[in-house]
Amino acid sequence: MCYGYKDGNEGKRQGEIVYNKTSENLVEISLVYADLLEKHRELRGIDSINWKQMFVKWANDFETVNEGIDWNQEDYLEKIEKFARHKILEYAGLEG
C-alpha cells in the first residue's frame, strides 16, 4: 500500500477538509475504532465527542512521531493500525 495523498489547496473553500496525511490518519484511526467495537463493546460507554477529539489528536500525533519516515520502506497501514489500536485501548483503560 502506498502512503500517498493529494497535497494542494486548489479550489479549497474556507473550512473545507483536504485529503492529506493527517486526514488519512484520521480515517484509518476511525476504521480501527470501528473494528475494535466488535470485540470491546465497553468502548461505546465513552462519549463520541471525546472519541472524535482524541482521533484528531492522535492523527496529528502519528504525523509527529513518524516525521521523516520513508513510507516506501515502512508499512503505513501496519504502523497506523498498531498505533491506533494501542491509543484507543489505552484511552478506554483496556490496555496498559
Side-chain angles (χ1 to χ4, degrees):
M1 169 87 187
C2 179
Y3 178 55
Y5 63 94
K6 180 181 178 186
D7 192 16
N9 294 324
E10 313 85 37
K12 182 179 176 288
R13 296 180 301 244
Q14 186 172 354
E16 185 176 312
I17 294 173
V18 175
Y19 181 63
N20 58 27
K21 290 180 187 180
T22 308
S23 62
E24 183 174 1
N25 296 341
L26 182 60
V27 170
E28 293 299 333
I29 291 167
S30 299
L31 291 172
V32 170
Y33 172 77
D35 184 55
L36 287 171
L37 280 174
E38 296 293 319
K39 186 175 181 183
H40 300 282
R41 309 233 354 121
E42 56 268 43
L43 295 176
R44 296 176 194 272
I46 299 173
D47 189 88
S48 66
I49 292 172
N50 292 336
W51 281 123
K52 291 176 214 174
Q53 291 170 347
M54 295 311 298
F55 292 172
V56 170
K57 178 187 180 324
W58 296 332
N60 288 314
D61 289 351
F62 185 81
E63 280 308 304
T64 300
V65 168
N66 292 288
E67 188 174 356
I69 293 254
D70 179 358
W71 292 112
N72 292 315
Q73 303 296 319
E74 296 283 339
D75 186 333
Y76 166 74
L77 288 177
E78 182 180 308
K79 262 190 121 91
I80 188 75
E81 181 178 343
K82 182 178 178 182
F83 176 88
R85 185 174 298 276
H86 169 73
K87 291 292 189 178
I88 292 165
L89 294 175
E90 180 180 58
Y91 184 72
L94 300 171
E95 178 180 278

With sequence neighbours left out, what residues match Ser30 under side chain to side chain donor-acceptor pair (under 3.5 Å)?
none

What's the separation between atom CD1 in Ile88 and atom CD in Glu90, rounded to the nearest 0.5 Å?
11.5 Å

d(Lys21 NZ, Ile80 CD1) to nearest 0.5 Å is 12.5 Å

How is the hydrophobic cluster of Val27 composed, in terms of its other members, when Ile, Leu, Val, Met, Phe, Trp and Tyr link through side-chain heavy atoms under 4.5 Å apart, directly or indirectly?
Leu31

Considering only heavy atoms from C-beta outward, does the side chain of Lys79 approach that of Glu74 to under 4.5 Å?
yes

Nearest heavy-atom contact between Thr22 and Asn20 is N-OD1, 3.0 Å

Consider only side-chain heavy atoms of I, L, V, M, F, W and Y, link residues closer than 4.5 Å, and tell whether Val65 and Leu77 are in one cluster.
no

To check you understand the geometry: which heavy-atom pair defines the closest contact between Ala59 and Ile29, and what is its length?
N-CD1, 3.6 Å

Give me each pair satisfying salt bridge (Lys or Arg N to Asp or Glu O under 4.0 Å) with a member in residues 32-41, each pair once, sequence neighbours excluded.
Asp35-Arg85

Those residues at least two apart in sequence (or on a different chain) that pass ring-ring contact (aromatic ring centres under 6.0 Å, His included) with Phe83 are Phe62

Going by atom type alone, with no hydrogens or angles, which donor-acceptor pairs under 3.5 Å involve a side-chain atom of residues 48-58 and a protein atom two or more places apart or on another chain?
residue, atom, partner, partner atom, Å
Trp51, NE1, Tyr33, OH, 3.4
Trp51, NE1, Leu43, O, 3.2
Trp51, NE1, Ile46, O, 3.4
Lys57, NZ, Asp61, OD2, 2.7

Just jot down the side chain to side chain donor-acceptor pair (under 3.5 Å) partners of His40, sequence neighbours excluded, or say none.
none

